[in-house]
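Both backbone and side-chain heavy atoms feed into the values below; hydrogens, waters and symmetry mates do not.
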Amino acid sequence: MSPDSQPVVPAEVDPAGQPDRVEARPVAKPVLAVVGRPNVGKSTLVNRLLGRRQAVVEDTPGVTRDRVSYDAVWAGREFTVLDTGGWTIDGQGMAAQIAEQAELAMTAADAIVFVVDAQVGATDQDEAVVQVLRRSRKPVVLAANKVDDVRWESEAASLWNLGLGEPHPVSGLHGRGSGDLLDVILGVLPQAPPERFDQAEGPRRIAIVGKPNVGKSSLLNRLAGASRAVVDNVAGTTVDPVDELVELEGETYRLIDTAGIRRRVKEASGQEYYAWLRTQAAVERAEVCLVVIDASEPVSEQDLRVLSMVIEAGRALVVVYNKWDLIDEERRHYLEREVERDLGHIAWAPRINLSALTGRNVNRLTTAIETALEGWQTRVSTGRLNAFLGRVVAAHPHPVRGGKQPRILFGSQVQACPPSFVLFTSGPLDPPYQRFLTRRLREDFGFAGSPIQVEVRARPKRSR
């Protein structure tokens, strides 16, 4: 019998979990890759293993395209789950890229869950994937998915003929058998460090956002120095947010590639709507957002909507004009006018002109990110803030309204990340005067790359 035909044997695991074994391994959590042909329920099963709805799920094949990592915990042990796109042999175009991402996930994994649709049974595609799995020499757990009740258990048993050992019946949709499957998974994963609740802050989180087809995934691949995300000219290629640890200028960052934000999100359905929800969640958990704009096209309403979403979320901002290699002198002239007209209200955000395709000016991103983070974390002492307010109000007092002139009694910065201020006043302040104070705050204290939130609390009128 040839080596390729040998069944996959699970790796040995130290049952006692000896301390010296744990110390010998890196602190990094073990990695589990979930693979299979399209539409066998991989993402549904991943959500079941995670115990939360994280991966985008739809009946349409090919929703998952990149390899997407999630943190999972079972029985007090932590591990990382890699969800992958449908694996097709001899695929063309985007299908080939999706299969490549699945193979990369398998290479990076410590163990693999091979998902097969028990209701359909083993197909020629499944047999072809089995040959690749055997060559990987990684421990493999065979998951017979869609065993929603006892009627399908006999169909699951027929999967013994794949030669991967016992098929484990499970229903990703209903959760049937998921606990038993997780126990088997822990048995083949390397000994992991126990779950800790006192972990320090991890790498700085940076979300790459923008409308579809502006080059977000290309930028991630360029920064990662590898084909980390599927790239295609078709808008909407990225569906799930893709996390990647990237080292830039000696500093490690967690980059999050997101799905493009479309024009009418509330009218979208299926994977587009859920992809937008994941993008919004990625922005919320990020510290800095790189808003990517296609420099070869006019600034659009969608671009402005993305910028507004980041500012409203209170995240540090860097504006990235991509595809700089495609523009000529005439386009540069019009672009500068568009920036001055449409983006003048965010002149405080660092701006980088680059080309993810050629790598031009990509090295300048690190400085811009650090500048935005520094402005986002800036804190002004109460003494300095009130001295500043005293100087500004003395030079430019609030206009008199209705015979009364509101006065600023006291000011305080209540938080950083983003810088947020509360002004206690004798009466309401006009919006133009609030904008004036915000502009002066930037002039005196910086806050480059960060939105500023100013709240006015007017003293209530005394009752007679």
Query raised in the report: Do you know which two heavy atoms are closest between K216 and D257, and how far apart they sit?
Result: CB-OD1, 3.4 Å
**Report entry** Approximate separation, where rounding is to 0.5 Å, of L373 CG and S450 OG
**Finding:** 9.5 Å
Query - Residue pair T80 / Y70, side-chain heavy-atom distance below 4.5 Å - result: no
Query - Contact summary for A72 and L50, nearest pair of heavy atoms - result: CB-CD2, 3.7 Å
Query raised in the report: Should L365 and L354 count as side-chain neighbours, where that means a heavy-atom distance under 4.5 Å?
Result: yes
Requested in this report: Indicate yes or no for a side-chain donor-acceptor contact from W376 to the backbone of G314 under 3.5 Å, with no hydrogens or angles considered.
Outcome: yes
**Report entry** Pair L223-L255, side chain to side chain contact (heavy atoms under 4.5 Å, CB included): steps then yes or no
**Finding:** CA-CA 9 Å; L223 294 173; L255 296 184; 3.5 Å; yes
Query raised in the report: Would R151 and E153 pass as an ion pair if we require N to O under 4.0 Å?
Result: no
Query raised in the report: Hey, is CG on D149 packed in by over 12 heavy atoms from elsewhere, all under 6.0 Å?
Result: yes
Query raised in the report: What distance separates I293 CD1 from D303 CG, expressed to the nearest 0.5 Å?
Result: 4.5 Å
Requested in this report: Verify side chain to side chain contact (heavy atoms under 4.5 Å, CB included) between R37 and V129, making sure each step is shown before the conclusion.
Outcome: CA-CA 8 Å; R37 61 181 177 81; V129 174; 5.6 Å; no
**Report entry** S171 vs V147 side-chain heavy atoms within contact, under 4.5 Å
**Finding:** no
**Report entry** Side-chain heavy atoms of F447 within contact of V380, under 4.5 Å
**Finding:** yes
Query - Polar side-chain atom of N322 near backbone of A356 as donor-acceptor pair, under 3.5 Å - result: yes
Query raised in the report: Is any NZ, NE, NH1 or NH2 atom of the basic residue among R360 and D325 found under 4.0 Å from an Asp or Glu carboxylate oxygen of the other?
Result: no
**Report entry** Heavy atoms of other groups near R379 CZ, more than 12 under 6.0 Å
**Finding:** yes
Query raised in the report: Taking all atoms of both residues into account, what is the closest heavy-atom pair of P451 and P419, and its distance?
Result: O-CD, 3.6 Å
**Report entry** Nearest-0.5 Å distance, CG of residue L182 to CZ of residue F79
**Finding:** 5.5 Å
Query - From NZ (K211) to OG (S300), nearest 0.5 Å - result: 3.5 Å
Query raised in the report: Do I352 and V362 come within less than 4.5 Å of each other through their side chains, counting heavy atoms only?
Result: no
Query - Short side-chain to backbone donor-acceptor contact, R222 and L357, under 3.5 Å - result: yes
Query raised in the report: Minimum heavy-atom separation for L159 to A122, with atom names?
Result: CD2-N, 3.7 Å
Query raised in the report: Any side-chain heavy-atom pair from V283 and R315 closer than 4.5 angstrom?
Result: yes
Report summary line: Nearest heavy-atom contact between V299 and E338 is N-OE1, 3.2 Å
Query raised in the report: Mind checking whether L245 and P203 have side chains closer than 4.5 Å, heavy atoms only?
Result: yes
Requested in this report: Output all residues satisfying salt bridge (Lys or Arg N to Asp or Glu O under 4.0 Å) with R351, sequence neighbours left out; order by chain, then residue number.
Outcome: E336
Report task. Working to the nearest 0.5 Å, report the span between CG of L32 and CD1 of I185. Result -> 5.0 Å
Query raised in the report: Salt bridge or not for R205 and E284, using N-O below 4.0 Å?
Result: no
Requested in this report: Examine distances only and state if a side-chain atom of E297 and a backbone atom of V214 form a donor-acceptor pair shorter than 3.5 Å.
Outcome: no
Report summary line: Distance col, row F114:CZ vs L133:CG, nearest 0.5 angstrom, shows 6.0 Å
**Report entry** Test log, rule side chain to side chain contact (heavy atoms under 4.5 Å, CB included), inputs V40 and L45
**Finding:** CA-CA 9 Å; V40 294; L45 183 59; over 6 Å; no
Query - Non-hydrogen atoms of G172 and N145 that approach each other most closely - result: N-OD1, 2.9 Å
Report task. Using a strict 4.0 Å threshold on nitrogen-to-oxygen distance, state whether K323 and D294 make a salt bridge. Result -> yes
Query raised in the report: Quick one: do the E249 and T366 side chains pair a donor with an acceptor below 3.5 Å?
Result: no
**Report entry** Modelled atom types, side-chain donor and acceptor of D126 and T123, under 3.5 Å
**Finding:** yes
Report task. Would you check, one step at a time, whether the test side chain to side chain contact (heavy atoms under 4.5 Å, CB included) holds for V35 with I112? Result -> CA-CA 7 Å; V35 302; I112 301 168; 3.6 Å; yes
Requested in this report: Check whether any side-chain heavy atom of L317 sits under 4.5 Å from a side-chain heavy atom of W348, and report yes or no.
Outcome: yes
Report task. May I ask you to check whether T84 and K42 show a side-chain donor-acceptor distance below 3.5 Å? Result -> no
Query raised in the report: Taking only residues two or more places apart in sequence or in another chain, which ones pass salt bridge (Lys or Arg N to Asp or Glu O under 4.0 Å) with E374?
Result: none
